[in-house]
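Remarks on the structure that follows.
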Number of protein chains: 2
Amino acid sequence: MTSTFAVLADPSRREILDLLRERERPVGDLVDRLTLTQPTVSKHLRVLREAGLVEVRTDAQKRWYRVSPGPLAEIDAWLAPYRRMWEKSLDALERRLDEIEGD
Amino acid sequence: MTSTFAVLADPSRREILDLLRERERPVGDLVDRLTLTQPTVSKHLRVLREAGLVEVRTDAQKRWYRVSPGPLAEIDAWLAPYRRMWEKSLDALERRLDEIEGD
DNA sequence: TGCCTATATGCCGATCGGGCTATATTGCTG
DNA sequence: CAGCAATATAGCCCGATCGGCATATAGGCA
């Protein structure tokens with residue numbers, strides 16, 4: 001899990017994940033949508049793959065990548081004990097907004 | 001938000017946060033519980049502070065640190081759209097386990 | 001003031017990571 | 001098989017970062 005945070009620390013990789021979240025895509029499609037060279041994108045995909053965050057399907061020369069969300073669930077689990085801390089703050093914020101809207 | 005992931009990428013910093021989640025602590029207390037020198041811990045605390053993940057309270061020479069969960073909520077928000085993906089997988093897994101147990 | 005405690009900062013060495021270019025690999029097609 | 005398309009790998013450079021040691025700063029106390 002240690003490495004999942006490290007993998008997500010890079011903005012390009014999060015952008016790749018966000019693109020793949022919409023739909024499965026081949027590498028060239030990602031290259032077209034990012035301002036990175038093809039080798040750089042392939043390198044990021046390798047990192048994501050080794051972290052279990054994406055999976056590949058081969059179709060002739062194309063490799064279709066898709067999100068594999070397992071490791072994200074682990075991050076969610078790490079966050080869980082903190083969640084009540086900010087929910088408490090948000091509740092207070094909501095109450096204040098309600099008061100303002102009530103005016 | 002980009003930097004929150006980077007800040008959490010370091011295991012020592014996550015360990016510090018986990019310790020502070022239990023209770024507010026002075027620096028020396030953290031040093032006692034980690035295998036890091038005091039300057040290294042102070043350095044991590046500075047990073048956490050600048051990322052808005054902890055807050056400090058001064059009490060004579062002691063500085064009491066506590067968690068400030070705001071940035072964690074942003075991470076949670078980034079995760080949100082992925083959540084249904086793994087929930088779907090977990091549901092499928094549960095169904096399969098149910099089938100097996102049904103045998 | 002001088003000393004002690006608690007914490008922060010500066011600096012260095014080593015390592016890591018992201019980007020690039022060049023090249024290898026794989027699969028299709030003529 | 002030759003050649004093209006799609007992707008992966010290798011090698012390199014540079015900047016960032018983590019850890020430690022030495023030292024500075026700040027507050028309390030004799």
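All chains are named by letter (A, B, ...) in the order of the sequence lines, taking the proteins before the strands, and each is independently numbered beginning at 1. Here the structure is a predicted model, which is why all the values come from computation and not from measurement.
- The aromatic rings of B:Phe5 and A:Phe5 are tilted relative to each other, their planes meeting at an angle between 30° and 60°.
- A salt bridge between B:Asp18 and B:Arg14 is absent, with no side-chain N of the basic residue lying under 4.0 Å from a carboxylate O of the acidic one.
- In terms of phosphate contacts, B:Ser42 brings a side-chain nitrogen or oxygen within less than 4.0 Å of OP1 or OP2 of C:dA8.
- The distance between atom CZ of B:Arg63 and atom C1' of C:dT5, rounded to the nearest whole Å, is 13 Å.
- Comparing B:Arg49 and A:Pro39 along DNA chain C, the residue whose closest nucleotide (by nearest heavy atom) sits nearer the 5' end is B:Arg49.
- Going from atom CZ of A:Phe5 over to atom P of C:dG17 covers 17 Å, rounded to whole Å.
- If you take CZ of A:Arg46 and C1' of C:dC16, they are 16 Å apart, rounded to a whole angstrom.
- In terms of position along DNA chain C, the nucleotide closest to B:Gly28 lies nearer the 5' end than the nucleotide closest to the other residue of the pair B:Gly28 and A:Asp59.
- Residues A:Leu53 and A:Trp64 do not share a hydrophobic cluster, clusters being chains of Ile/Leu/Val/Met/Phe/Trp/Tyr side chains in contact below 4.5 Å.
- In this structure, CG of B:Leu45 is placed 10 Å from C1' of C:dT7, rounded to the nearest angstrom.
- Going from atom CG of A:Leu36 over to atom P of C:dG19 covers 5 Å, rounded to whole Å.
- No donor-acceptor pair under 3.5 Å is formed between the side chain of A:Arg13 and the backbone N or O of A:His44.
- For A:Arg13 and C:dG17, the shortest distance from a side-chain N or O to OP1 or OP2 is not below 4.0 Å.
- Contacts of A:Pro26 with the nucleic acid, taken as non-hydrogen atoms under 4.0 Å apart, involve only primed sugar atoms and P, OP1 or OP2.
- The distance from atom CG of A:Leu34 to atom P of C:dG18 is 14 Å, rounded to the nearest whole Å.
- Summarising the geometry, the separation between NZ on A:Lys43 and P on C:dC16 is reported as 14 Å, rounded to the nearest angstrom.
- When rounded to the nearest whole Å, the span between CZ of A:Arg14 and C1' of C:dG17 equals 15 Å.
- The base of C:dA6 lies outside donor-acceptor range of the side chain of B:Gln38, with no N or O pair under 3.5 Å.
- B:Arg21 contributes no side-chain N or O that, together with a main-chain N or O of A:Tyr82, makes up a donor-acceptor pair within less than 3.5 Å.
- Protein chain B contacts DNA chain D from D:dC18 to D:dG28, reading 5' to 3' and using non-hydrogen atoms of the protein with a distance under 4.0 Å.
- The pair A:Arg57-A:Glu24 meets the salt-bridge criterion, since a charged nitrogen lies less than 4.0 angstrom from a carboxylate oxygen.
- Contact between the side-chain N/O atoms of A:Thr40 and the OP1/OP2 oxygens of C:dG18 is not found at any separation under 4.0 Å.
- Between the A:Arg66 side chain and the A:Arg25 main chain, no donor and acceptor come within less than 3.5 Å of each other.
- Nearest to the side chain of B:Gln61, among C:dT7, C:dA6, C:dG19, sits C:dA6.
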